[in-house]
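Read through the structure below, which is laid out as structure tokens, and then see the notes.
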Number of protein chains: 2
Amino acid sequence: MTDPRSEQPAAAAGDWPSDWLRATLGFLALRALAAGPSYGYAMIGDFEQHGFGTIKGGTLYPLLTRYETAGLVVTEWRAGDGGPGRKYFALTDHGRAELARLRVEWHRFAGTSIRYLDPERPTKETPE
Amino acid sequence: MTDPRSEQPAAAAGDWPSDWLRATLGFLALRALAAGPSYGYAMIGDFEQHGFGTIKGGTLYPLLTRYETAGLVVTEWRAGDGGPGRKYFALTDHGRAELARLRVEWHRFAGTSIRYLDPERPTKETPE
DNA sequence: CATGGCTATATAGTGTCTCTAAGTAGTGAG
DNA sequence: CTCACTACTTAGAGACACTATATAGCCATG
């Protein structure tokens, strides 16, 4: 497994509106690290495999830097496997707590928005 | 019913991260108009009742103006019910088509993100 | 050995959009 | 008259994604 971006092509979904990714990329990145430390380039491939399209380096790296500043992740350089060095990111306890919190909140928000969108939703007063 | 913002207080939820609202407010506004024309101030009250918090006028009105420019809505001034005039917004066919499209896409995106977040999701290779 | 491609991270410039804040205005109550 | 509520508008500041580019290690091809 020298190539973290092999396995399967994204299959479907290509690219979502950038505002949607802007809203979610933060906790998506925290979730990507929940299974153990990883590095930017591998995370981009992981997002691609899971149907989020190709996240740009110019988006992800500044985000991870902000998260390091905020104490959600810590970093460590490791040698690359036939290639340049890799900057590994690992969740802190704070990062894990944030992920847990955002998971719940996002679930609630997604539900609220999907219920509001529902074409069946009564829009005037509810008949009793 | 002279006050479009009576009924129930928001109950719970108060305010969501602004990026989450940024991602959704566009199609939320289209959905708010799906039941018939409405105006900004009433829409703000409607969002509040449905758990989205208090959307600011400085956010909603420029959005609606962009949608008018884009041909998703058309506008018409009507007299207010004891108060200033109201600028009513109505969906065009284009707006209705966009709403239908975004409803499907948002549903897919929300599902993709929630599946990715799932703590139970296998993160290394799936056992066969 | 040089050219290009893949891996990997970083930064600058531009544009969009939310937020805060304030302004304009009509109506009605004290 | 002044305040509160209704209702829309605009200005200024800040956050952040996008495009494009820079840097750099490693490897294959010719």
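On a predicted model such as this, the values are computed, not experimentally measured, just so you know. Chain letters run A, B, ... following the sequence lines, proteins first, then strands; residues in each count from 1.
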Which value, rounded to the nearest 0.5 Å, describes the distance between A/Glu48 atom CD and A/Ile55 atom CD1?
8.5 Å

B/Trp77 atom CH2 is separated from C/dT24 atom C1', nearest whole Å, by 11 Å

Rounded interatomic separation in angstrom, taking CH2 from B/Trp20 and C1' from C/dT18:
16 Å

Answer yes or no for A/Arg121 and A/Tyr116: cation-pi contact, defined as NZ/CZ to six-membered ring centre under 6.0 Å and angle to ring axis within 45°.
yes

Any B/Tyr39 side-chain nitrogen or oxygen under 4.0 Å from OP1 or OP2 of D/dA7
yes

Between C/dC19 (P) and B/Ile55 (CD1): distance, integer Å:
7 Å

Side chain of A/Arg22 - closest among D/dG25, C/dA25, D/dA15:
D/dA15

Using whole Å, report how far CZ of B/Arg66 lies from C1' of C/dT16.
8 Å

Go through the side-chain N and O atoms of A/Trp106 and A/Thr24 and say whether any donor and acceptor fall under 3.5 Å apart.
no

Please report, rounded to the nearest Å, how far the P atom of D/dT9 is from the CG atom of B/Leu63.
13 Å

Which is true for B/Gly58 with a 4.0 Å heavy-atom rule: it touches a base, it touches only sugar-phosphate, or it touches nothing?
base

Tell me which nucleotide among C/dG26, C/dT9, C/dT11 gets nearest to the side chain of B/Pro84.
C/dG26

Hey, which sits more toward the 5' end of DNA chain D by its nearest nucleotide, A/Gly57 or A/Leu25?
A/Leu25

Any salt bridge linking B/Glu76 with B/Arg78? Criterion: basic side-chain nitrogen under 4.0 Å from a carboxylate oxygen.
yes

Separation of A/Asp19 atom CG from C/dT16 atom P, in whole Å?
12 Å

Ignoring backbone atoms, test whether A/Tyr61 places a side-chain nitrogen or oxygen under 4.0 Å from the OP1 or OP2 oxygen of C/dA10.
no

Could you tell me how far apart A/Leu60 (CG) and C/dT7 (C1') are, to the nearest whole angstrom?
15 Å

Do any side-chain nitrogens or oxygens of A/Lys56 fall under 4.0 Å of OP1 or OP2 in D/dA20?
no

In whole Å, I'd like the distance from the CZ atom of A/Arg86 to the C1' atom of D/dT23.
18 Å

Would you call B/Asp118 and B/Arg115 a salt bridge, using N to O less than 4.0 angstrom?
no

Would you indicate which nucleotide in D/dC18, D/dC16, D/dT6 comes nearest to any side-chain atom of A/Ser18?
D/dC18

